[in-house]
Amino acid sequence: MKTIYILLTRSGTLLSKLVYAATGASYTHASMAFDAELSCLYSSTRKNGYTMFPAGPSKEYLNRGVFRLRDNAPCALYALEVSDEAYSHALPISSFYSHALHRAEEFMRHSEEYSFNTLGLILCGLHIRWQRRRHYFCSQFVSEVLEQSGALALPKDSTLMHPN
């Protein structure tokens, strides 16, 4: 069995406060990790760690950037256990876990080609589905990686997924 971790947080940044004010949601950001230590988190977020822009697919670390600024941020950690046998693919990558990690790493390798989906984030809050090429907000990124890798079927389109 392999485990993928989904970390939901509310960091207290300006964007987090705006999303919280608009939705009242407990969590305003989603990231994913492939190890129990959460040594590297994958998401669509600020690329330099502190300023809101530029933003897009990037790696986050619990001991740097926004996470370091607020050590008491509300958070929830979920573990998605995946059987290699149950999720084997006829792909060059032999398991769902490897495929999800590969998909996340592909986003990171080509992160300069992607941007943060600010308009999509607003439309998501209004429950309006709108896919924008090469643009992602955090929960859209995490849910699309999970769905495209075969981990699970989403209850709705990735452009409508909230961190909660």
Side-chain angles (χ1 to χ4, degrees), residues 4-23 25-35 37-70 73-78 80 93 96-152 154 156-164:
I4 293 178
Y5 299 89
I6 301 165
L7 179 65
L8 305 179
T9 56
R10 191 173 78 232
S11 66
T13 62
L14 176 60
L15 183 57
S16 175
K17 288 177 182 178
L18 289 171
V19 171
Y20 180 70
T23 65
S26 298
Y27 308 108
T28 58
H29 182 64
S31 306
M32 62 190 312
F34 295 89
D35 65 329
E37 293 76 30
L38 309 179
S39 61
C40 178
L41 296 155
Y42 297 83
S43 190
S44 183
T45 187
R46 56 195 72 229
K47 289 187 178 187
N48 70 10
Y50 295 101
T51 61
M52 191 179 303
F53 295 103
S58 29
K59 294 179 180 180
E60 300 175 292
Y61 303 92
L62 294 177
N63 62 349
R64 296 187 215 158
V66 173
F67 289 119
R68 186 173 172 193
L69 296 176
R70 185 171 179 209
C75 64
L77 181 62
Y78 294 91
L80 176 64
I93 299 158
F96 151 75
Y97 176 84
S98 297
H99 189 59
L101 178 56
H102 174 75
R103 180 85 177 114
E105 283 292 345
E106 277 299 301
F107 273 110
M108 298 308 124
R109 272 193 288 283
H110 302 285
S111 67
E112 69 283 348
E113 298 173 19
Y114 295 91
S115 297
F116 189 78
N117 193 1
T118 306
L119 183 55
L121 179 65
I122 294 165
L123 293 173
C124 177
L126 298 171
H127 308 286
I128 298 171
R129 182 192 176 285
W130 187 59
Q131 180 70 48
R132 204 169 159 201
R133 183 171 149 72
R134 298 187 182 272
H135 286 73
Y136 293 89
F137 52 87
C138 63
S139 52
Q140 176 188 8
F141 173 86
V142 170
S143 36
E144 192 164 302
V145 168
L146 292 172
E147 184 173 54
Q148 287 185 358
S149 64
L152 48 89
L154 297 176
K156 54 188 170 185
D157 191 81
S158 66
T159 62
L160 298 174
M161 295 299 288
H162 296 238
N164 285 323

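Positions are given from 1 along the sequence. These values consider heavy atoms only, across backbone and side chains, with no hydrogens, waters or symmetry-generated copies.
- Of all heavy-atom pairs spanning Phe141 and Met108, the tightest one is CZ-CE, 3.6 Å.
- Put simply, the side chain of Thr13 reaches to within 4.5 Å of the side chain of Arg46, judged on heavy atoms.
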> Ser44 and Phe116: side-chain contact (heavy atoms from CB on, under 4.5 Å), yes or no, with the steps?
Replying inline: CA-CA 7 Å; Ser44 183; Phe116 189 78; 3.8 Å; yes
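- With sequence neighbours left out, Thr23 forms a side chain to side chain contact (heavy atoms under 4.5 Å, CB included) with Val19, Ala25.
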>> Using the rule given for side-chain contact (heavy atoms from CB on, under 4.5 Å), can you reason through Val66 versus Thr9, listing the C-alpha separation, both sets of side-chain angles and the distance that settles it, and then say yes or no?
In response: CA-CA 11 Å; Val66 173; Thr9 56; over 6 Å; no
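- The side chain to side chain contact (heavy atoms under 4.5 Å, CB included) test applied to Tyr61 returns Cys40, Lys59, Asn63, Arg64, not counting sequence neighbours.
- Across every non-hydrogen atom of Arg70 and Ser11, the tightest pair is CD-O, 3.1 Å.
- Legend: residues meeting salt bridge (Lys or Arg N to Asp or Glu O under 4.0 Å) with Glu147, ordered by chain and number and at least two apart, are absent.
- Remark: Arg10 pairs with no residue by the salt bridge (Lys or Arg N to Asp or Glu O under 4.0 Å) rule, at least two apart or across chains.
- Under the rule for a side chain to side chain contact (heavy atoms under 4.5 Å, CB included), Lys17 has no partner lying at least two apart in sequence or in another chain.
- Interatomic distance, Ile4 CD1 to Asp35 CG, rounded to the nearest 0.5 Å: 11.5 Å.
- Pairing each heavy atom of Thr28 with each of Pro163, the nearest pair is C-CG, 3.5 Å.
- By the salt bridge (Lys or Arg N to Asp or Glu O under 4.0 Å) test, Arg133 is found to be paired with no residue, residues two or more places apart in sequence or in another chain being considered.
- When ring centroids are compared, Phe34 and Tyr42 come within the 6.0 Å threshold.
- Ring-centre distance between Tyr136 and Phe107: below the 6.0 Å cut-off.
- In this structure, the separation between NE2 on His127 and CG on Asp157 is 14.0 Å, given to the nearest 0.5 Å.
- Here the options are Gln131, His135, Gln140, the test is side chain to side chain donor-acceptor pair (under 3.5 Å), and the partner is Asn117; only Gln140 passes.
- Lys47 NZ to Ser115 OG: the interatomic distance, rounded to the nearest 0.5 Å, is 6.5 Å.
- Put simply, the side chain of His162 reaches to within 4.5 Å of the side chain of Cys124, judged on heavy atoms.
- Minimum heavy-atom separation, Ser43 to Ser31: CB-OG, 3.8 Å.
- In this structure, CG in Leu121 is found 11.5 Å from OG1 in Thr159, a value given to the nearest 0.5 Å.
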> Would Tyr78 and Tyr5 count as a side-chain contact (heavy atoms from CB on, under 4.5 Å) if you check the C-alpha gap in whole Å, the side-chain angles of each, and the deciding distance to 0.1 Å?
Replying inline: CA-CA 6 Å; Tyr78 294 91; Tyr5 299 89; over 6 Å; no
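- When atom types are taken as modelled, the side chain of Ser149 and the backbone of His99 share no donor-acceptor pair closer than 3.5 angstrom.
- Pairing each heavy atom of Phe67 with each of Leu62, the nearest pair is CB-O, 3.5 Å.
- Nearest approach of Met32 to Leu146, heavy atoms of both residues: CE-CD2, 3.7 Å.
- Rounding to the nearest 0.5 Å places SG of Cys138 at 11.0 Å from CG of Leu7.
- Salt-bridge annotation for Arg103 and Glu106: absent, with no side-chain N of the basic residue lying under 4.0 Å from a carboxylate O of the acidic one.
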